[in-house]
Amino acid sequence: MNLKLMTCVILAVSAQTIQGLSVKYRHPKPIYVALGRDLVLEAFIEKLPVEKVLMVTWERNSDTGARRVATFPGKTQDPRISMTSEGTTLRISGVQESDFGRYTITVTDQDGTQTLVDNDVRKNDRPPEASVVLLCDVSRDRAQWDSPVVTWLVDGVEVTNQTAHTSEGGSRLHLQELKGRNYTCICNSSLGTSVAHFIIPDSTEGSNQHSGYIATIVILCILFAVTVMCFCLHMKKQNKKKHTRNPPH
């Protein structure tokens, strides 16, 4: 009885392990891309050592119908389209409106057996929002049972998820909507409390200093010019006096 049970278990595990030819996307979720950018679709093939891939095809289905995009081995007719990694990676340069749709990759083995998987490529109308982030972190050289709890102060006032954009756990603070100058992060954990400060210089200070430097240079130039004029006038008077005392014969 035990021998039969073990045999069944081994056969079941073998059946799960030896699944044969299959293909999957590295990024199974819908992929977004903007017009004019490059699109890269990556897939990978799982197969047994005795299996051989004869052909890889890419097709696109959209509102205008179905169309074969590329076949490996083979050459693409569209110069914007190329394949690498034995056909499992498809690249489209300069994405156009006609490039959006559902992409299906089909793999055919030596027996004519086919396996396929598809994924949607959608148009991205707006670029992701960029942000400047302050990171509050502590050293990890000692083991501890808990994680640090981070508190942020902006100009001495504590901020929360309702008043500021922070990451999960609070270690990152986004600065888009904050207008403070003095930022303080406080880390509390079983190891103790640590505090760090970050001060953003006032932009008017630099401009005021710059204006002061310019004004100083202008004043010095004016004083130099006046000094030169006075010196020239003085030399001219001295020469005139010499000519008066010693008239030419």
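Just the heavy atoms: all of them, side chains too, but no hydrogens, waters or symmetry mates, feed the values below.
Glu59 pairs with exactly one of Arg68, Arg102, Arg67 by the side-chain contact (heavy atoms from CB on, under 4.5 Å) rule, that one being Arg68.
With hydrogens and angles disregarded, a donor-acceptor distance shorter than 3.5 Å links the side chain of Trp152 to the backbone of Gly170. Panel note: side chain Arg60, backbone Ser98; a donor-acceptor pair is recorded below 3.5 Å. Judged purely by atom type and a 3.5 angstrom limit, Arg181 uses its side chain to pair as donor or acceptor with the backbone of Ile200. Judged by distance alone, the side chain of Glu46 and the main-chain N or O of Ser22 form no donor-acceptor pair under 3.5 Å. Asn119 places a side-chain N or O within donor-acceptor distance of the main-chain N or O of Lys29, the cut-off being under 3.5 Å. For Thr160 (side chain) and Gln162 (main-chain N/O), a donor-acceptor pair under 3.5 Å exists by modelled atom type.
Contact annotation: the side chain of Ile45 approaches that of Val53 to within less than 4.5 Å [non-hydrogen atoms, C-beta and beyond]. When side chains are defined from C-beta on, Val159 does not count as touching Thr151, because their heavy atoms never get closer than 4.5 Å. Between Ile186 and Leu153 the shortest side-chain heavy-atom distance falls below 4.5 Å. Under the 4.5 Å side-chain criterion, counting only non-hydrogen atoms from C-beta, Thr115 is not in contact with Thr113. Between Tyr103 and Ile92 there is a side-chain heavy-atom pair separated by less than 4.5 Å. The side-chain heavy atoms of Leu175 and Val133, taken from C-beta on, include no pair separated by under 4.5 Å. Under the 4.5 Å side-chain criterion, counting only non-hydrogen atoms from C-beta, Leu90 is not in contact with Val40. When side chains are defined from C-beta on, Lys75 does not count as touching Ser82, because their heavy atoms never get closer than 4.5 Å.
A donor-acceptor pair shorter than 3.5 Å cannot be found between the side chains of Asp146 and Ser189. With hydrogens and angles left out, the side-chain atoms of Gln114 and Thr106 include no donor and acceptor closer than 3.5 Å.
Within 6.0 Å of CG in Asp63 there are 12 or fewer heavy atoms belonging to other residues, nucleotides or ligands. Heavy-atom neighbours of Arg37 CZ from other residues, nucleotides or ligands within 6.0 Å: at or below the threshold of 12. The number of heavy-atom neighbours closer than 6.0 Å to CD of Glu86, taken from other residues, nucleotides and ligands shown, is 12 or below.
Under the 4.5 Å side-chain heavy-atom criterion for grouping Ile, Leu, Val, Met, Phe, Trp and Tyr, Val33 is connected to Leu35 within one hydrophobic cluster. Val132 and Leu178 end up in the same hydrophobic cluster when Ile, Leu, Val, Met, Phe, Trp and Tyr side chains are linked at under 4.5 Å. Under the 4.5 Å side-chain contact rule for hydrophobic residues, Val150 and Leu191 do not share a cluster.
The structure places CD1 of Ile199 at 4.5 Å from CG of Asn182, a figure rounded to the nearest 0.5 Å. Residue Trp58 holds its CH2 atom at 7.0 Å from OG1 of Thr89, rounded to the nearest 0.5 Å. Here the CG atom belonging to Asp78 is positioned 7.5 Å from the CD atom belonging to Gln96, to the nearest 0.5 angstrom. Distance check, rounded to the nearest 0.5 Å: CZ of Arg26 to CD of Glu42 gives 6.0 Å. For the atom pair Ile31 CD1 and Asp120 CG, the distance stands at 10.0 Å (nearest 0.5 Å). Met55 contributes atom CE, which lies 10.5 Å from atom CG of Asp109 (distance to the nearest 0.5 angstrom).
The aromatic rings of Phe198 and Tyr183 sit tilted, their planes meeting at an angle between 30° and 60°.
Arg80 and Gly94 get closest at one heavy-atom pair: NH1-O, 3.1 Å. Of all heavy-atom pairs spanning Glu51 and Leu48, the tightest one is OE1-N, 2.8 Å. Between Ile105 and Gly87, the shortest heavy-atom contact is CD1-O, 4.3 Å. The heavy-atom pair separating Tyr25 from Phe44 by the smallest distance is O-CE2, 4.0 Å. Taking both residues in full, the closest heavy atoms of Lys123 and Phe100 are given as CA-CE2, 3.3 Å, listed atom of the first, atom of the second, then distance. Of all heavy-atom pairs spanning Ile81 and Ala70, the tightest one is CG2-CB, 4.4 Å.
Using a cutoff of 4.0 Å between basic side-chain nitrogens and carboxylate oxygens, Arg91 and Asp38 are scored as salt-bridged.
By the SG-distance test at 2.5 Å, a disulfide connects Cys136 to Cys185.
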*List the steps, then state whether side-chain contact (heavy atoms from CB on, under 4.5 Å) holds for Thr104 with Val117.*
CA-CA 6 Å; Thr104 302; Val117 66; over 6 Å; no

